[in-house]
Amino acid sequence: MTEDKKKTVAVVGSGLAGLVTAYLLHNDPQRRYQVRLLEQKNQLSLSSESISIPVPHDKKVIWADVPMRAFAGGFYRNLIRMYDYLNVRYRSQPFLFSFARLPRRPAAPGVTIWPHMTHASNFHQIPPVPLKLGLVSWFFEVIYVLLCYLWFTVCCHFVAPHEESPSSQCESLEQYLQRIHLPWRYTADYLLPLMSSVCTCSHQDLLNFPASDVLEYKRRTHRQHHYLVDDGVQTVQEKLARGVDVRFGVNLTHVEPGSKGVQLRWLDSRGGKEKVEVFDIAVLAVSPDIVASMFDPLKATLCKVPMTTVESVAHTDRSILPPLYGTVVKDTFVPRHPTRSDKAVQNIHFRSNDENTESVHEQPNSIIVTTNPLTPIDRSKIIRYAKFRRVLRNPESRSVINDIFRDEGRSNGWRNGDDGVYLAGGWCWDGMVLLEGCVVSAMRVASSLGVEVPWADRDE
Ligand SMILES: Cc1cc2nc3c(=O)[nH]c(=O)nc-3n(C[C@H](O)[C@H](O)[C@H](O)COP(=O)(O)OP(=O)(O)OC[C@H]3O[C@@H](n4cnc5c(N)ncnc54)[C@H](O)[C@@H]3O)c2cc1C
């Protein structure tokens with residue numbers, strides 16, 4: 001097909017959803033699409049906050065991903081198939097989690113916050129006894145936690161959450177936990193810290209999630225390994241964007257479908273000038289608040305999708321970490337190649353107050369990444385500070401989003417693909433807002449446009 005016969009496609013946003021969509025359409029075996037990827041930043045965004053660490057006496061750099069971009073078997077089926085297809089190297093990563101409660105008033109600098117429990121991901125080892133906890137107290141706490149965990153796991157598999165009905169919304173996590181009588185202390189000290197760190201949101205935000213999201217995540221990841229990409233997600237980004245026409249500094253402001261195609265308006269961040277261009281198809285791979293601001297048919301509905309802002313700080317302030325497992329406390333930052341031992345266990349500390357949990361991830365390259373920081377960090381030891389917008393979920397937003405992506409049946413308003421406009425993103429599916437949703441929604445756009453997805457599971 002000649003260039004001018006090809007359909008022109010604008011993919012807006014270079015997070016994972018935009019990158020996968022652009023990759024699939026650009027690599028259409030029938031070459032029917034001329035794809036342009038538009039991004040407001042001056043670089044592709046999937047790894048824009050990752051840190052490249054030059055290795056002394058070596059031309060290579062190593063990457064520390066911020067955020068971590070971890071994934072797990074079971075839940076991330078399409079992401080894993082895509083990584084396999086693209087030959088992205090990833091490794092199974094065991095974690096040791098520690099749980100601690102923060103004092104009501106911020107602890108003075110240098111005061112150690114001792115954990116009350118440790119847990120090995122997937123039970124890959126017997127977790128060490130937290131240093132300041134007596135063996136007997138620890139033993140009784142372990143029994144309590146195990147019993148609650150078992151009860152929650154059984155319920156996840158056998159007690160289905162209430163689904164949406166014509167008279168009511170679906171059940172929230174808070175309602176579900178009350179219904180199954182999960183003890184509040186377990187919820188507050190273990191379930192909320194762990195799951196709110198996965199969703200990087202407050203405890204109440206998580207309790208507002210549809211119960212089905214959390215149960216589905218738990219069911220699918222049960223006894224599965226966690227994984228990390230070996231050389232950082234910049235390798236994924238590189239492979240997906242290869243050959244795609246990418247324009248940076250494009251701040252899209254308005255999307256308007258018309259008889260001649262979809263008109264996009266944007267501000268060029270370099271010249272500040274407004275530009276207008278018409279494409280046959282537009283794929284908006286941006287968060288719902290941005291879609292609402294630029295695309296009139298979804299203005300009213302997507303305002304109902306809750307969002308939050310998350311801070312991540314990469315630093316080397318080890319003084320905030322308890323010497324949990326006899327780890328050697330190094331206060332200096334030593335860039336070096338990952339070694340075999342780096343692929344061993346990594347520590348993640350969850351430290352909570354009543355409303356929030358900070359998660360502190362010790363990376364093997366001496367960098368610590370604190371997400372949602374609650375404990376003060378020595379400013380002189382901060383390497384990078386990043387803010388992310390995060391899409392949340394609740395029963396109402398679930399219903400709104402499902403309506404947009406429903407293939408058939410009842411739907412009152414605009415549906416995905418109407419007028420040549422498509423949506424993609426971690427939030428564009430019926431599940432927790434994670435990388436799997438990016439891949440699933442991008443695959444959906446490709447399938448709607450008749451493009452074969454090379455890693456699709458034909459049996460699904
Ligand atoms: C701290 C943190 C940790 C996380 N950890 C994990 C994890 O370990 N595992 C996991 O699976 N998920 C994780 N997630 C969630 C996951 O990262 C997101 O779900 C996913 O990155 C969303 O990708 P996306 O492509 O939908 O959107 P985004 O990555 O938000 O991409 C949207 C893009 O659109 C661009 N854009 C926005 N507005 C405009 C405009 N007007 N014009 C042009 N471009 C625009 C943005 O610059 C951005 O590049 C984490 C999220 C956060 C915040």
Side-chain angles (χ1 to χ4, degrees), residues 10-22 36-50 65-72 75-76 78-80 83 90 93 95 196-201 217 221 226-229 233 236-237 240-241 246-255 264-269 275 282-295 307-314 348 358-359 361 369-373 384-393 423-429 431-442 445:
V11 178
V12 185
S14 69
L16 187 65
L19 285 168
V20 178
T21 311
R36 196 183 299 164
L37 183 58
L38 307 172
E39 167 58 53
Q40 71 177 4
K41 293 183 188 164
N42 289 320
Q43 55 180 317
L44 295 174
S45 96
L46 180 62
S47 82
S48 59
E49 300 300 341
S50 299
D65 274 331
V66 180
M68 184 172 20
R69 314 287 191 192
F71 54 104
F75 186 80
Y76 290 85
N78 293 286
L79 181 83
I80 290 175
Y83 281 175
Y90 56 90
Q93 180 58 63
F95 293 108
S196 70
S197 298
V198 174
C199 300
T200 57
C201 62
Y217 181 82
T221 56
H226 296 271
Y227 298 98
L228 291 177
V229 174
V233 287
V236 177
Q237 175 175 284
L240 290 171
V246 189
R247 306 288 164 94
F248 294 116
V250 174
N251 183 7
L252 204 77
T253 52
H254 206 70
V255 178
L264 302 191
R265 273 175 200 277
W266 69 83
L267 292 172
D268 182 338
S269 68
K275 301 207 170 160
V283 183
L284 309 181
V286 293
S287 52
D289 55 337
I290 306 284
V291 177
S293 72
M294 59 172 69
F295 185 50
M307 306 245 338
T308 190
T309 301
V310 188
E311 295 172 18
S312 272
V313 186
I348 301 188
E358 70 172 1
S359 86
H361 175 203
V369 179
T370 300
T371 303
N372 190 21
R384 170 143 321 161
Y385 169 85
K387 261 189 183 180
F388 302 92
R389 291 288 284 157
R390 184 83 203 240
V391 186
L392 304 175
R393 303 256 299 165
L423 302 176
W427 59 278
C428 295
W429 76 323
M432 282 192 350
V433 184
L434 295 167
L435 296 174
E436 178 70 2
C438 298
V439 181
V440 169
S441 59
V445 174

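Atoms within each ligand, like the ligands themselves, are counted from 1 in listed order.
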### Query
Among side-chain atoms of R390 and T309, is any donor-acceptor pair under 3.5 angstrom?
no
### Query
Distance from L44 atom CG to L240 atom CG, nearest 0.5 Å?
9.5 Å
For ligand 1, list every N/O pair with the protein closer than 3.5 Å, one pair per line with the distance.
unit_1   : atom_1 : unit_2 : atom_2 : d
ligand 1 : 8 (O)  : R69    : N      : 3.4
ligand 1 : 8 (O)  : A70    : N      : 2.9
ligand 1 : 9 (N)  : A70    : O      : 2.9
ligand 1 : 11 (O) : Y76    : OH     : 2.8
ligand 1 : 11 (O) : L435   : N      : 2.9
ligand 1 : 17 (O) : R69    : NH1    : 2.6
ligand 1 : 21 (O) : R69    : NH1    : 3.1
ligand 1 : 25 (O) : L16    : N      : 3.2
ligand 1 : 25 (O) : A17    : N      : 3.0
ligand 1 : 26 (O) : G426   : N      : 2.9
ligand 1 : 41 (N) : N251   : OD1    : 3.2
ligand 1 : 41 (N) : L252   : O      : 3.0
ligand 1 : 42 (N) : V250   : O      : 3.4
ligand 1 : 42 (N) : L252   : N      : 3.0
ligand 1 : 44 (N) : Q40    : N      : 3.3
ligand 1 : 47 (O) : E39    : OE2    : 2.6
ligand 1 : 49 (O) : E39    : OE1    : 2.5
ligand 1 : 49 (O) : E39    : OE2    : 3.3
ligand 1 : 49 (O) : S45    : OG     : 2.7

### Message
Is the distance from the ring center of Y83 to that of Y227 below 6.0 Å?
### Response
no
### Message
Measuring from atom CG of L264 to atom NE2 of H254, what distance do you get when rounded to the nearest 0.5 angstrom?
### Response
10.5 Å
### Task
To the nearest 0.5 angstrom, please state how far the CG atom of D65 sits from the CG atom of L228.
8.0 Å
### Task
Among S50, S47, S14, find the residue that satisfies the side-chain hydrogen bond (donor to acceptor under 3.5 Å, both in side chains) test when tested with Q237.
S47
